[in-house]
Every structure is written in C-alpha cells, then in structure tokens.
Amino acid sequence: MKFLPRDERRSIGIIAGSGPEAGVDLWQKVIKAAKHLLDKDYGGDLDAPEVRIISSPPLGLSMELAQNDHLVWPEIKKCVSELSLTCDYIAIACNTLNYYETQIRHLPDAAEMISMGDVVTGYLTQTGRKRVALLGSTAVTNLDDWSAYRSLTENFDVETPDQPDRLHQVIYDVKCYGGDHPEMVETYEALVKSLKAQTVLLACTELPLIQHSLKEKELIDVTQLLAEALVQKVYDPQAN
C-alpha cells in the first residue's frame, strides 16, 4: 500500500470533555492504529498523526442531552470552529455528542466530520452483521430523535438493554471511579450477559475502559473503529 508523503498528510481534531479520559483514549487508539497501518513504513515521531484536542468540561452535560441541548450545542459549535481553523477532519470522542453530526456538517467552514454512526454502519455492512446489541447512555440506547444511532434500525436488528438506567449509572461510575470498581464491573458483566445478540457495540467511550472478564460476547469498541477510520483518512490516498 502506498501512503501519502509526510507533507501531504491531513490533521485530526478531537473534541473531548465527555469525559476527558475519552479524548485521551481516542488519541491513544489513533496513534496505535497509525503504527499498525503503516507497519514497517512507520519511522517514529515524524510519522505520528498530527492531532489537536479540545477538552471542554461543559460537554459533560451531554449525559442528559435533551435537557441540556441549549448549553451543549453552543459549546460544540465553538469547539468545531476552533479546530476547523487548523484541522482537516474532526471527531467527537463521545457517542452521545455525535447526535450533532448533521448540524456540524451544515456549519460554514467546518472541517469534515468523521462520525461514529458512519463508521459503525460501515463496519456492520462490511462484515455482514445484521443483528447487534447497542450499549451506551440512555440518550443513545433510547434510539429516539436524540440518539446518534437512530438510523441503525433502518438496516439492522438492534437490541438495547432491558435495564438502560442501570447501564447509565455504570457509565457515571466509570467517570467517577475508573474502570476497575468491583460492584460496577459486576453490574456491567451481568448486563452484557443478559443480551441475546452475540455482537455488542460499546457505544459509549467509558465502556471499553471497564476491566471485565467477559468472553461470551463479541464486544466491538466503537472508539477503535473511529480511530481506524481517522487514520485511514490521514495516510491512505484511497480514503481521501
């Protein structure tokens, strides 16, 4: 595979803040994905992806997005405007905030957004999966007008958790206590095991941080899919 020369590679802007660890997680996965893609062509620091991150604490209000839209959207617009000045692609390190995908794409002078919804649809289509479970905040799993994944049901059989409020609390617990809190891990594992679908989309940036021992299901980290899509855009001329 022939990659773009260093002086022609594009740059990535990451919006974080819901939570800040999610932005760090996406950045780390972008770096690892770049090393994996370039393989022997990765020559060290000069081949690392160019990344800029804005971590905005007010975006933590997205956990109750419907109630806080009037506060969250202006902050998203500000972050997009700042990153678009220097970045070719923008990604939001939060499944819930990807709800704003359409609005962002209608902003004048906004950089191209690579959305979690698009990369998930592409992955499921490419791999031929038709039935999946979706785990995330209630704003995501309700699959209503506030969900970035509402269009998934048009082409796929999507299972959501029977106890969405418990999962929502698990996400809050990861934000507060990290991914190894015993009671939280136990609750999470029970929720996953209760799902009928074999393939489970982790549509929340906190969920892949949980240190579980699950082996019964195929857990798909949406953040990893996003990182790989961003890296393809940066280095592979066929993806641009």
Side-chain angles (χ1 to χ4, degrees), residues 14-19 22-23 25-26 56 58-77 79-80 90-107 110 113-125 129-172 174-175 188 191-192 194-197 199-210 217 219-226 229:
I14 295 175
I15 298 175
S18 182
D25 182 54
L26 176 56
S56 175
L59 295 182
L61 293 169
S62 65
M63 286 292 286
E64 280 73 38
L65 188 57
Q67 298 94 311
N68 295 312
D69 172 56
H70 65 293
L71 299 172
V72 174
W73 172 234
E75 190 67 20
I76 285 286
K77 284 199 296 183
C79 294
V80 169
I90 289 178
I92 303 179
C94 172
N95 286 263
T96 303
L97 289 173
N98 271 256
Y99 157 78
Y100 292 111
E101 171 189 352
T102 301
Q103 290 164 258
I104 289 171
R105 287 178 172 163
H106 282 91
L107 290 175
M113 181 178 178
I114 309 301
S115 76
M116 289 179 166
D118 283 347
V119 300
V120 164
T121 298
Y123 172 80
L124 295 178
T125 301
R129 288 166 170 78
K130 291 296 185 181
R131 176 174 173 78
V132 294
L134 181 71
L135 296 186
S137 68
T138 53
V140 167
T141 59
N142 283 344
L143 292 173
D144 58 13
D145 290 343
W146 290 98
S147 174
Y149 292 91
R150 56 193 178 279
S151 63
L152 269 188
T153 57
E154 297 174 7
N155 298 300
F156 305 98
D157 183 3
V158 182
E159 178 186 3
T160 55
D162 291 333
Q163 298 176 297
D165 292 338
R166 289 187 70 192
L167 181 60
H168 199 77
Q169 185 59 50
V170 164
I171 295 168
Y172 266 125
V174 175
K175 291 176 180 289
Y188 172 70
L191 286 168
V192 173
S194 70
L195 298 168
K196 296 177 182 178
T199 300
V200 181
L201 297 173
L202 302 183
C204 175
T205 47
E206 274 72 35
L207 296 181
L209 306 178
I210 297 175
K217 304 287 186 181
L219 304 181
I220 305 299
D221 180 357
V222 174
T223 302
Q224 181 64 39
L225 298 181
L226 179 60

Evaluate the side-chain proximity of [Y] to [X]: yes if any heavy-atom separation is below 4.5 Å, no if none is.
X      : Y      : result
Met113 : Ser115 : yes
Phe156 : Arg129 : no
Ile76  : Ile92  : yes
Arg131 : Thr199 : no
Ile220 : Val200 : no
Leu134 : Leu143 : yes
Leu135 : Thr160 : no
Leu207 : Tyr188 : yes

Member of Leu65, Thr138, Val140 meeting the side chain to side chain contact (heavy atoms under 4.5 Å, CB included) criterion with Trp146: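 In the set Leu65, Thr138, Val140, the residue that makes a side chain to side chain contact (heavy atoms under 4.5 Å, CB included) with Trp146 is Leu65.
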
Test side chain to side chain contact (heavy atoms under 4.5 Å, CB included) applied to Leu225 and Asp118, Leu124, Val119, the passing residue: Val119

Indicate the atoms forming the closest heavy-atom contact of [X] with [Y], along with that distance.
X      : Y      : result
Pro164 : Thr141 : CB-OG1, 4.2 Å
Ala16  : Gly23  : CB-CA, 3.5 Å
Met63  : Lys175 : SD-CE, 3.8 Å
Ala22  : Ala93  : CB-O, 3.4 Å
Leu195 : Glu159 : CA-OE2, 3.4 Å

Can you see whether [X] engages [Y] through a side-chain donor-acceptor pair at a distance of less than 3.5 angstrom?
X      : Y      : value
Thr223 : Thr205 : no
Glu64  : His168 : yes
Tyr149 : Asn95  : yes

Which residues share a side-chain contact (heavy atoms from CB on, under 4.5 Å) with Ser56, sequence neighbours left out: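 Here the qualifying residues are Pro58, Leu59, Glu75, Cys79.
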
Residues forming a ring pair (Phe, Tyr, Trp, His ring centres under 6.0 Å) with Tyr100, sequence neighbours excluded: Trp73

Listed partners of Thr96 passing side chain to side chain donor-acceptor pair (under 3.5 Å), at least two apart: Ser137

Trace of the side-chain contact (heavy atoms from CB on, under 4.5 Å) decision for Leu97 with Val72: CA-CA 9 Å; Leu97 289 173; Val72 174; 3.4 Å; yes

Spacing of [X] atom [atom1] and [Y] atom [atom2] [to the nearest 0.5 Å]:
X      : Y      : atom1 : atom2 : answer
Cys204 : Leu209 : SG    : CG    : 8.5 Å
Leu191 : Asp162 : CG    : CG    : 9.0 Å
Gln224 : Leu219 : CD    : CG    : 13.5 Å
Tyr123 : Leu201 : OH    : CG    : 8.5 Å
Lys196 : Lys217 : NZ    : NZ    : 10.5 Å

Quick one: does any side-chain atom of [X] pair with a main-chain N or O of [Y] as donor and acceptor, under 3.5 Å?
X      : Y      : value
Lys130 : Asp157 : no
Asn98  : Met116 : yes
Arg150 : Ser147 : yes
Asn68  : Leu61  : yes

side-chain contact (heavy atoms from CB on, under 4.5 Å) assessment of Leu202 paired with Ile210: CA-CA 11 Å; Leu202 302 183; Ile210 297 175; over 6 Å; no

Trace of the side-chain contact (heavy atoms from CB on, under 4.5 Å) decision for Ile114 with Ile90: CA-CA 6 Å; Ile114 309 301; Ile90 289 178; over 6 Å; no

